[in-house]
Engineer: 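Dropping the structure in here first, questions after.
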Amino acid sequence: MTDPRFDVRFDAGQADARWQAAWDEARCFEADSASTKPKSYVLEMFPYPSGRIHIGHVRNYTMGDVLARYKKLNGFEVLHPMGWDAFGMPAENAAMEKGVHPAGWTYDNIATMKRQLRQLGFALDWSREIATCDASYYGHEQALFLDLYAAGLVYRRESAVNWDPVDQTVLANEQVVDGRGWRSGALVEKRKLNQWFLKITHFAQDLLDGLSTLEGWPEKVRVMQENWIGKSTGLEFSFDLSNGASLPVYTTRPDTIFGASFVAVAADHPLAQDVAASNAGAAAFIEQCKKGGTTAAELETAEKLGFDTGITAAHPFTGAALPVYIANFVLMEYGTGAVMAVPGHDQRDFEFASKYGLPITRVIAASADQADAPLTEAETGDGICVNSDFLNGLTVAQAKAEVIRRIEGEGRGQGKTVWRLRDWGVSRQRYWGTPIPFIHCEACGVVPVPKDQLPVKLPEDVDFSVPGNPLDRHPTWKHVDCPQCGKPARRETDTLDTFVNSSWYFLRFASQPADKPFDAAEVAQWLPVEQYIGGIEHAILHLLYARFWTRALAHIGAVEVKEPFASLFTQGMVTHETYSRKDGVREIYFSPAEVERSSEGAVLKADGLPVQIGKVIKMSKSKKNVVDPEDIIADYGADAVRWFMLSDSPPERDLPWSEAGIEGCARFVQRLWRLFGQYDAAASGEDKALRRKLHQSVAAVAADIEALSFNKAVARIYELTSAIEKAAPSADRNEAIRGILLLVSPMMPHLAEEAWAALNEKGLGGTGLIANAAWPAVDPALLVDDEVTVAVQHMGKLRDTITVAKGLPKDQLEALALASEKVQRSINGAAVKKVIVVPDRLVNIVT
RNA sequence: GCGGGCGUGGCGGAAUGGUAGACGCCGGGGACUUAAAAUCCCCUGAGCCUUGCUCGUGCGGGUUCGAGUCCCGCCGCCCGCACCA
């Protein structure tokens, strides 16, 4: 008895749009902060509106969508918002290259990408849509920035920047390639500018401690952040120099102080600069250091080089005169920019000492009788102190404490914690960002813009035809009166780093009053985000900044939580094979659309001749191995595309896109559609096995979705589909059809709505939209089988399987196993020494 | 160098210490059809003396009645950080 409506194929082309409109109409996915239901906040990293969505977005948002829809079916009030990380350089680049306005370019892209996201049927609360480039967003950001300033977490200081002399602009580190500006190719200069900083280091310890509480985060990301924060404990103390000055150094190994044989300072250390002023050799060496490359490969092989200043430093305990070198391996940015060098127990110092013939003394050994064992390389491991005067015999830990105690006692220095983490420089000399809300007054200094004058809006009439910061060049924008004294003053023309925009957007999603950034009580309804999903590329910067902002806002009492994201999931990339031909030395790439792929190989459609099939790698424009989501949605429908995104590969791993794979998914959509058509209201009778399979599948799929193991959920659904197809019509089969319809609804929502509507007319028993329905209930009694297949092994090798009632006693199971003809043949008359019986699983006979 | 992860069929991948290869893709065979598409059924790790047997989860050891899984030692690949004192 099939329904004639199901005789025709499921037509995604018309069904998708229809159900998307129905969800909008019903305001199905708008989150209600006042709801009494348990709350669930599911968030995917919001996209940069670069032009069109790419397949990586589709995978990311499909995962979040399945979780959000699943949570909703399970009775949660779900917040699943979407917005746009809309400030940034590409908009300005477009302005410079194409003569368009950054705002126009950005909003056009947003419109395109929003339309594309809608085509995928995501259960998003568009009523809360945010674009960070709207004054309605960045105005609140300015208010928060002023609050942090008032709390002492924002400050200004002079700092070196990468200056592109051609483009007249500051470059981010990533924009400097081999010492040259990425756009102009000009040699980049270091310039000192007054810049704004956020005091992230104030929270260094707390950010570090918090990592251990983030059990829902990947270990990898936690470790990366831990390394980035880079806590080290040691001793800072000063050497008295032969020129009468004092030189502070920092060491994590005060226990090795008796092994110090020289002192080294960075090339840009003030002492080095002093020496260079009167010593041409030193000046030349410093110049040489500056030219040294900073790439990984160069550092790997870079020789340790130094310049002997002729100055000596007095060892704090022995008084020995240690030579002071300017050395290329010492960094000014870390510690004090000067180190005590212990060649025996630091590899860099070892290489340096070997080159310049400086003493290499062992001061740590495995035991006292190893005190004079030769050193062929630096030994950095644990041990006890030797050749170290009053430290001899102490462990490394004891010696560290003892040296710190003595140095502190003598007032020469103190134990100190040093962090790798730096304060966050947020000034950008760019137009397309949040204006920093301050005014510079000759009389009053730096004055915050009064809150009632926020937002400080970007001027719209800007000129990108010449290099530099358009805000600074603008004829009128920066000229304002001082809010304090009323005299003519100058507006700050720097804008905020775009990472600031993404450091609090999840709070604005949760609560968006017009008159303030968010309402603390409403935020508390939703935060922390239950599941955050995005790319691993944000493991450090975005995720650390967001954790910092949330702490900073908690610090000033604006929010209650410290950790914004309870669980984090980093999804893999979508990959595709490449197609190319050699043209002389150059490799010419072709897009999948230009190529006809078969199991034998690939040919170019244009000429029918073969092309080379290359490695499966991340989709990228340069390799042309991209598929456009809009094209594949048009070809296969949103549900097939979504299903593909969830199938096969575990979500944290890369997913290889293939034509054959998506076709398989599209076939499965139709197969389910046909199955739904077999719902038979007239059928009656039981099918206990199928009912059991259904309940087991519901429980397993639920567990898989909650673990984000979508590939496993997909496999379960395939199995259940086969089981239902094979079953004869019965009331239980109808129930199974209803069940699988609900199981696939988070993954294939359009197909599910279409079938739900049609089957409800036939007595399925549901109402309204399946998006608003309830996840099938599970009867725990049905999760266990009443018959089990038990493996029978002889010496650990499988010889037979027997099907028995569940819970059969051990002795009976053993008897049945021994009765097996196959087992007896394998035993072949040998004496049975032992029988291992695992009830309901296996019997192993040992002879 | 340090840190994190991964090695399972032709491919993507399953597998609380208990029947390795679920599920999907590819491939092969068949049914239906005048034919094709669509659909359905069967087979699909390797080898062999094919009622079955042997081998098989990167390599070498070990623990165990039993190891893809646990332990020790290697090899290879991927990712992140990196002259951080």
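Every chain is numbered from 1 and lettered A, B, ... according to where its sequence line falls, protein lines coming before strand lines. Quick caveat: nothing in here was measured; it's all calculated off a predicted structure.
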Engineer: Would you mind reading off the distance between Arg222(A) atom CZ and C81(B) atom C1', rounded to a whole angstrom?
Structural biologist: 18 Å
Engineer: Suppose we define a pair by two distances each less than 3.5 Å, Watson-Crick or G-U wobble; what does U39(B) pair with here?
Structural biologist: A31(B)
Engineer: Looking at G24(B), which nucleotide sits across from it as a Watson-Crick or G-U wobble partner, both distances under 3.5 angstrom, or is there none?
Structural biologist: C11(B)
Engineer: Counting only Watson-Crick pairs (N1-N3 plus N6-O4 or O6-N4) and G-U wobbles (N1-O2, O6-N3), all under 3.5 Å, who is the partner of C70(B)?
Structural biologist: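 Check on C70(B): paired to G62(B), both distances under 3.5 Å.
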Engineer: I'd like to know if Lys712(A) reaches the base of C23(B) with its side chain such that a donor and an acceptor end up less than 3.5 angstrom apart.
Structural biologist: no
Engineer: Counting side-chain heavy atoms from CB outward, which of C83(B), G18(B), C40(B) is closest to Arg674(A)?
Structural biologist: C40(B)
Engineer: Just to be sure I understand the rule, does Ser658(A) reach a base, reach only the sugar-phosphate, or reach nothing, if contact means heavy atoms closer than 4.0 Å?
Structural biologist: nothing
Engineer: In whole angstrom, give the distance that lies between atom CZ of Arg653(A) and atom C1' of C11(B).
Structural biologist: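 Checked: the CZ to C1' distance equals 14 Å.
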Engineer: Specify the glycosidic conformation (syn or anti) of G9(B), with syn defined as within 90° of 0.
Structural biologist: syn
Engineer: Using a 4.0 Å heavy-atom cut-off across all strands, classify Thr801(A) as base, sugar-phosphate, or nothing.
Structural biologist: base
Engineer: Look through every strand shown and name the nucleotide pairing with C53(B) as Watson-Crick or G-U wobble, where both distances are under 3.5 Å.
Structural biologist: G47(B)
Engineer: Out of C83(B), U51(B), A14(B), which nucleotide sits closest to the side chain of Asn711(A)?
Structural biologist: A14(B)
Engineer: For G3(B), give the paired nucleotide (Watson-Crick: N1-N3 plus N6-O4 or O6-N4; G-U: N1-O2 and O6-N3; both under 3.5 Å), or none.
Structural biologist: C79(B)
Engineer: At 4.0 Å (heavy atoms only), tell me whether Lys833(A) reaches a base, stays on the sugar-phosphate, or touches nothing.
Structural biologist: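 Lys833(A): no heavy atom of the nucleic acid under 4.0 Å.
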Engineer: Which part of the nucleic acid, if any, lies within reach of Pro218(A) when heavy atoms closer than 4.0 Å are counted: base, sugar-phosphate only, or nothing?
Structural biologist: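 Contact class for Pro218(A): none.
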Engineer: Using a strict cut-off of less than 4.0 Å between a Lys/Arg side-chain nitrogen and an Asp/Glu carboxylate oxygen, indicate whether Asp785(A) and Lys806(A) qualify as a salt bridge.
Structural biologist: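 Salt bridge absent between Asp785(A) and Lys806(A).
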Engineer: Classify the side-chain pair Thr201(A)/Asp423(A) by whether it contains a donor and acceptor separated by less than 3.5 Å.
Structural biologist: yes
Engineer: What is the distance, rounded to the nearest whole Å, between atom CE of Met795(A) and atom C1' of U19(B)?
Structural biologist: 18 Å
Engineer: Whole-Å distance between G4(B) P and Gln225(A) CD?
Structural biologist: 16 Å
Engineer: Students often get this wrong, so: under 4.0 angstrom with heavy atoms, is Glu663(A) touching a base, only sugar-phosphate, or nothing?
Structural biologist: nothing
Engineer: C23(B) C1' sits how many Å from Leu655(A) CG, rounded?
Structural biologist: 15 Å
Engineer: Quick one: do Arg597(A) and Glu577(A) make a salt bridge, cutoff under 4.0 Å?
Structural biologist: yes
Engineer: Select base, sugar-phosphate, or nothing to describe what Arg799(A) touches, counting heavy atoms under 4.0 Å on all strands.
Structural biologist: sugar-phosphate
Engineer: Can you tell me the distance, in whole Å, between the CD1 atom of Ile536(A) and the P atom of C81(B)?
Structural biologist: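 Checked: the CD1 to P distance equals 10 Å.
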Engineer: Using a distance-only test with no angle check, is there a side-chain donor-acceptor pair under 3.5 angstrom linking Arg653(A) and Gln571(A)?
Structural biologist: no
Engineer: Tyr718(A) and Ser647(A): side-chain donor and acceptor closer than 3.5 Å?
Structural biologist: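 No, no side-chain donor-acceptor pair sits under 3.5 Å.
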Engineer: Closest-nucleotide mapping onto RNA chain B: is Thr789(A) or Ser649(A) further toward the 5' terminus? I mean the 5' end.
Structural biologist: Ser649(A)
Engineer: Write down the distance between CG (Leu798(A)) and C1' (A67(B)), rounded to a whole number of angstrom.
Structural biologist: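 From Leu798(A) CG to A67(B) C1': 16 Å.
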Engineer: Counting only side-chain heavy atoms from C-beta out, which of C23(B), G12(B), G3(B) sits nearest to Ala715(A)?
Structural biologist: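 Selected nucleotide: C23(B).
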Engineer: Do NZ/NE/NH1/NH2 and the carboxylate oxygens of Glu821(A) and Arg825(A) come within less than 4.0 Å?
Structural biologist: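 Counted as a salt bridge, because a side-chain N and a carboxylate O are separated by less than 4.0 Å.
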Engineer: In this structure, how many angstroms lie between the P atom of C79(B) and the CD1 atom of Ile617(A), rounded?
Structural biologist: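 Atom CD1 in Ile617(A) sits about 12 Å away from atom P in C79(B).
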Engineer: Could you check whether Val330(A) gets within reach of a base, just the sugar-phosphate, or nothing at all, counting any heavy atom under 4.0 Å?
Structural biologist: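 Val330(A): base contact, heavy atoms under 4.0 Å.
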